[in-house]
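Worksheet: one structure, shown below.
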Amino acid sequence: YYVAAGKLPLAFLAVLFVSDVVYLPPFYLIMRRLARLAAERKALLAQAAELTSPASGRAAAWGTPSMAFRARLATGRNAVGKSQSRLPTDE
């Protein structure tokens with residue numbers, strides 16, 4: 001608006017463009033990380049559904065998922081309580 005009104009020079013648009021574009025790479029990395037986590041969770045849910053499905057034939061042999069598996073599925077943490085994420089945490 002200020003450029004169109006003549007209060008700021010036209011070169012300010014270049015500064016505005018660069019200042020907006022500089023944030024795109026971190027957001028892209030965050031988006032990729034979230035997509036990977038969603039895919040991992042989907043795979044875990046599919047694995048749990050396969051283990052508990054009577055049609056798989058494995059349900060009778062393996063029974064229902066253990067409490068540890070359910071906790072891992074719900075929290076994303078392994079049996080020791082450590083995060084399964086590869087990112088550093090405050091633990």
Side-chain angles (χ1 to χ4, degrees):
Y1 168 78
Y2 289 100
V3 173
K7 295 181 181 182
L8 289 172
L10 190 59
F12 184 75
L13 286 179
V15 173
L16 181 65
F17 177 77
V18 170
S19 65
D20 286 344
V21 170
V22 74
Y23 291 102
L24 292 179
F27 284 129
Y28 176 71
L29 293 175
I30 292 168
M31 183 186 67
R32 279 191 0 190
R33 170 83 173 142
L34 289 175
R36 186 168 50 88
L37 288 175
E40 288 175 4
R41 183 161 177 84
K42 185 177 179 182
L44 276 175
L45 290 172
Q47 181 184 9
E50 181 183 333
L51 287 175
T52 59
S53 170
S56 70
R58 294 170 54 178
W62 292 98
T64 59
S66 68
M67 292 300 290
F69 180 78
R70 289 180 189 168
R72 187 176 133 220
L73 185 64
T75 63
R77 296 180 176 275
N78 63 21
V80 183
K82 298 281 187 181
S83 173
Q84 295 179 12
S85 169
R86 291 185 206 121
L87 292 176
T89 62
D90 293 334
E91 296 178 12

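- By the criterion of side-chain heavy atoms lying less than 4.5 angstrom apart, applied directly or through intervening Ile, Leu, Val, Met, Phe, Trp or Tyr residues, Val15 is not grouped with Val18; the two fall into different hydrophobic clusters.
- Using a 4.5 Å cut-off on side-chain heavy atoms (C-beta onward), Leu44 and Gln47 make contact.
- Hydrophobic clustering (side-chain heavy atoms under 4.5 Å, transitive across Ile, Leu, Val, Met, Phe, Trp, Tyr) groups Val22 together with Phe27.
- For the atom pair Leu24 CG and Met31 CE, the distance stands at 10.5 Å (nearest 0.5 Å).
- Applying the 6.0 Å contact sphere to CG of Leu10 captures no more than 12 heavy atoms from other residues, nucleotides or ligands.
- Taking CG of Leu29 as the start and CG of Leu34 as the end, the distance is 11.0 Å to the nearest 0.5 Å.
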